Amino acid sequence: MGWNQLRPIQVDAISWVLDGRGDLVIAAETAGGKTEAAFLPVISRIAENQKPSVQAIYVGPLKALINDQFSRLEDLCRHAEIAVHRWHGDVSASAKRKLVRSPTGILLITPESIESLFVNRSQHLARVFGSLEFVVVDEIHSFMGTERGTHLLSLLNRLESLSSTRPARIGLSATIGDMKAACEWLKNGQSTQVGLISGTGERDLAIIVHGYLKKRPVTIPGAGEGFPGDEGGDEYAIAMDIFQALKGKTNLVFGNQKGKLEYYTDLLNRISIGNRYPPEFLVHHGSLSKQVRQAAEHDMRSDRPSTTLCTNTLELGIDVGFIDSVGQLDPPFSVGSLIQRMGRSGRTEGAPAKLRFYIQEVEPEPRSPPWHNLHLSLLQAIAMVELLVEGWCETPQVTSPQYSTLVQQILSVLAQTGGIGAQELYSVLVRKGPFKRVSVDDFRMLLQSLGDRDLLEQMSEGDLILGLRGERIVRHYDFYAAFATPEEYRIVSDGRDIGTLPSLYLPQVGHHLILAGKRWKVVSRDDKAKLLVVNKARGAKAPKFVGGYGDIDANIRCKMLELLVQDEVPTYLDRTAATLLQTSRSSASQMGIHESSFFESGQDIIVLTWTSSRINRTLELVGRCAGFKTIDIGVGLVFEDCDEGRVQNLLHDYTTLDSSGMELVQHADVLAFEKYDEFLPPLLLAKAFVETRLDIRGARAVAAELVEATDYRVDS
DNA sequence: GACCTGCTGCGGTATG
């Protein structure tokens, strides 16, 4: 291959795997040679002793990633004469039939396609995977703590039980906060030891944080329309700065909201044309059609400069060629995400990664609540940069029992076997599989509930089989994924797919729309085909998508508070950002943030907790449960129409209460989040909510800290 | 005040 030498992680992985020392996690940055580290020894082992069975599988989270790895592995395997196959939704049925007829070598596959094998080709599985020796899982950090991850672990467990010997698992991961958690995830309760090989990836960073203050429109009484004040901090100013800094080179600008990225792409291209410059801004996200996305990817790899505004779609390792610098609109939701995004720039030897933040704050009104003066977005961005430089990164939380995914796996095993006893079902999925925390009683209750809803039925001799409704669910092609997706309409122009929009926010016929960075007018709507036909137009309105809240780690909030009580101004802030930080510090000191966590605001009490989203969500429900009107504001909570003493008592009482959290559930607005939650009995639905959305122990610890800090102040 | 991911079998028609 023209390589001069192997990298250290490759040398270590080769001896680990060739010595047969068992399961392994390999952690290194993107393009750190992880794939070769895993596959060089795997290929050696297979070449020694080829069998008429798939001997190694590679599981990847994306079709595009599988396609990339497929070409790389084909090159590596050519001389060893080992076949490489891929299996995902875009692979032809004939290629799939061919593999099933004569299984060999290495198979690259998605979790959903493994699921489809169990449902549609169960009679061939023992032959195809009877001599499976290696299971390689790529990007395991993207699976940890998600439904898709639990789904995958269940499938691997079922797959491995078909093989005569237990295959070795090799996980490939980006660096996460606690690598042991990745080893534990891969091991999934089995008694094996999991080795860890980590690559070091120190790089120089060039970071600047641009701050903007958007003035509120000033309304003069009697003048009717408000008119804007100083134009310095609005979206146009931000776009102007992006245009000046990024034009003429190839860059990525990450954002958190698809609608906002569409808006900025349109604005940036208008600015380009207005300045007699080619419109070279592209957009890339999950609601754009495959053709639109591939066109953007193609442009990025070409020599022509272009800047692509994107979401996490371009965060994982898809090849987009050389990227000069990375922009970030608003702070992202995790440091891990920031590291991955930054890692996409300056991929040449010795070149620093370049990162530009664009953070817009809005000027508070005279009667705004006090935390509006703290410029929380800016604080969050700075906190994340500080944590990144310190080398800290989140560890994905893997805690929940995932009843929704268990429902899917029960239906899948029933489809695979045609019928099975309840005890054996329990053994396959719970005792040996990833649902170990589900008790026998809960499992029985779940089966009962699925029986009541006609998903399954019990025959007279005791075996469970699919019910009529269960049969319908399993036979629909929507069954294979463990995660839910909202209902969408396809947006089509001239017979070509542009993208999709959620049914919830469809523009009306005759109205305008920006999508794929272009302007459209809605011509017609077909509810049966879920189709919106559009034509090119001059009018424009940014699209709206369905969204929720991002969970933020406690450490980020903690660092935000730290920044408020320090004096030092980081060197990577521009002038406005530095001024805004000073303003938030003086507001914080005026509030008395050093002395207390409790603040009066009108009739309300504000408690600033500076902790995780999950803890705040829990404390919000604790308040509601005790009859308070409580609102979660991200960095803390508001207790409406209240006084500090009552809040203190509430928190104090909560620290002494020994509760499981189940009493909080009835005060939550929504309980069902996951795909098969609608089939759960109420008790399990409540348990799932407590385990995945709340943090009972954390909330109690924070409540105790808040109360103790107050006691100390009163005493002294 | 959020983002992302995945998917089968079929019947029809065109091509070799």
Side-chain angles (χ1 to χ4, degrees), chain A residues 59-66 87-97 100 109-122 138-152 155 254-262 283-288 290 293 309-318 328-334 336-338 340-341 360-362 371-372 376-377 380 396 405 408 412 415 472-486 488 500 502 544-552 613 616-617 631-635 673-675:
Chain A
V59 186
L62 304 175
K63 289 187 282 193
L65 200 55
I66 285 176
W87 188 311
H88 57 62
D90 297 344
V91 172
S92 71
S94 59
K96 292 171 181 169
R97 274 195 301 271
V100 172
I109 192 165
T110 59
E112 288 72 18
S113 285
I114 301 179
E115 181 62 69
S116 78
L117 290 173
F118 278 109
V119 173
N120 300 311
R121 308 195 193 236
S122 56
D138 204 358
E139 311 270 14
I140 63 172
H141 58 278
S142 75
F143 287 114
M144 290 174 65
T146 69
E147 300 119 287
R148 211 177 174 207
T150 307
H151 183 202
L152 175 58
L155 294 170
F254 288 94
N256 301 332
Q257 291 145 275
K258 293 181 278 194
K260 195 166 181 175
L261 291 172
E262 289 284 354
V283 62
H284 192 287
H285 56 71
S287 297
L288 295 175
K290 190 171 160 182
R293 286 200 257 177
L309 286 81
C310 62
T311 58
N312 327 4
T313 41
L314 294 179
E315 196 176 288
L316 285 180
I318 305 169
Q328 174 70 47
L329 272 167
D330 307 324
F333 293 95
S334 74
S337 178
L338 184 60
Q340 296 266 93
R341 292 173 177 192
Q360 184 181 42
E361 291 290 349
V362 179
W371 74 87
H372 283 204
L376 295 170
S377 285
Q380 188 179 325
T405 308
Q408 185 218 27
S412 170
R472 244 192 352 253
I473 293 172
V474 167
R475 296 301 153 201
H476 193 275
Y477 81 110
D478 188 41
F479 175 71
Y480 308 104
F483 53 86
T485 36
E488 289 179 326
T500 58
K544 189 163 165 54
F545 295 92
V546 186
Y549 294 86
D551 277 3
I552 298 207
S613 307
N616 281 332
R617 190 181 296 128
I631 301 160
D632 177 3
I633 54 166
V635 291
F673 290 94
E674 296 175 1
K675 191 169 174 184

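Reckoned from all heavy atoms, side chains included, excluding hydrogens, waters and symmetry mates. The chains referred to below are lettered A, B, ... by the order of the sequence lines, with proteins before strands, and numbering in each begins at 1. For clarity, every value in this text was computed on a predicted model and none was experimentally measured.
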Nearest-angstrom distance from the residue atom NE2 of H151(A) to P of dG6(B): 14 Å
If you only use heavy atoms from C-beta on, which nucleotide in dT8(B), dG6(B), dT5(B) is closest to the side chain of K96(A)? dT8(B)
Expressed in angstrom and rounded to an integer, what is the separation of L316(A) atom CG from dT5(B) atom P? 9 Å
To the nearest angstrom, how far is K544(A) atom NZ from dG1(B) atom C1'? 10 Å
Selected nucleotide, minimal atom distance to W87(A) side chain, candidates dG1(B), dT8(B), dG6(B): dT8(B)
For G255(A), answer base if it contacts any base atom (sugar-phosphate contacts may also be present), sugar-phosphate if it contacts only those atoms, and nothing otherwise; contact means non-hydrogen atoms under 4.0 Å. nothing
Using whole Å, report how far CG of L65(A) lies from P of dC4(B). 17 Å
Separation of E315(A) atom CD from dT5(B) atom P, in whole Å? 11 Å
Non-hydrogen side-chain atoms of H285(A) and Q257(A) separated by less than 4.5 Å: no
Examine distances only and state if a side-chain atom of K675(A) and a backbone atom of A481(A) form a donor-acceptor pair shorter than 3.5 Å. yes
Which part of the nucleic acid does R121(A) contact within heavy-atom distance under 4.0 Å: base, sugar-phosphate only, or nothing? sugar-phosphate
For a quick check of understanding: with a heavy-atom distance under 4.0 Å over all strands, which category does V546(A) fall into, base, sugar-phosphate or nothing? sugar-phosphate
Verify the contact: side-chain N or O of R617(A) to OP1 or OP2 of dG1(B), cut-off strictly under 4.0 Å; return yes or no. no
Describe the nucleic acid contact of T485(A) in one word from base, sugar-phosphate, nothing, applying a heavy-atom distance below 4.0 Å. base
It should be established whether T313(A) places a side-chain nitrogen or oxygen under 4.0 Å from OP1 or OP2 of nucleotide dC4(B). no
Whole Å only: how far is the NZ atom of K260(A) from the P atom of dG1(B)? 10 Å
Between T313(A) and H284(A), do the side chains contain a donor N or O and an acceptor N or O under 3.5 Å apart? yes
Worked verdict on S613(A) versus R617(A) for side-chain hydrogen bond (donor to acceptor under 3.5 Å, both in side chains): CA-CA 6 Å; S613(A) 307; R617(A) 190 181 296 128; 5.5 Å; no
Atom-pair distance (CG on L309(A); C1' on dA2(B)), nearest Å: 16 Å
What is the nucleic acid contact for R97(A), judged by heavy atoms within less than 4.0 Å: base, sugar-phosphate only, or nothing? nothing
Check the distance between dC3(B)'s P and D330(A)'s CG and give it to me in whole angstrom. 11 Å
Looking only at side-chain N and O atoms, does E674(A) offer a donor or acceptor that is under 3.5 Å from a partner on T405(A)? no
Please confirm whether the shortest side-chain N or O distance from T110(A) to OP1 or OP2 of dG6(B) is below 4.0 Å. no
Which part of the nucleic acid, if any, lies within reach of H88(A) when heavy atoms closer than 4.0 Å are counted: base, sugar-phosphate only, or nothing? sugar-phosphate
What's D478(A) touching, base or sugar-phosphate or nothing? Going by heavy atoms closer than 4.0 Å. base
Heavy atoms only, 4.0 Å cut-off, all strands: where does N312(A) land among base, sugar-phosphate and nothing? base
Kindly confirm whether the side-chain ring of F333(A) is stacked on the base of dC3(B), judged by centres under 5.5 Å and planes under 30°. no
Can a side chain N or O of S113(A) be found less than 4.0 Å away from OP1 or OP2 on dT8(B)? yes
Using heavy-atom distances to pick each residue's nearest nucleotide on DNA chain B, tell me which of I633(A) and K675(A) is more 5'. I633(A)
With nearest nucleotide decided by heavy atoms, which residue, F483(A) or A93(A), maps closer to the 5′ end of DNA chain B? F483(A)
Just checking G286(A): base, sugar-phosphate only, or nothing, at a heavy-atom cut-off of under 4.0 Å? sugar-phosphate
Do L152(A) and E115(A) have side-chain heavy atoms sitting under 4.5 Å apart? no
Look at all strands and tell whether I114(A) reaches a base, only sugar-phosphate, or nothing, counting heavy atoms closer than 4.0 Å. nothing
Does D138(A) reach the main-chain N or O of G60(A) with its side chain, forming a donor-acceptor pair under 3.5 Å? no
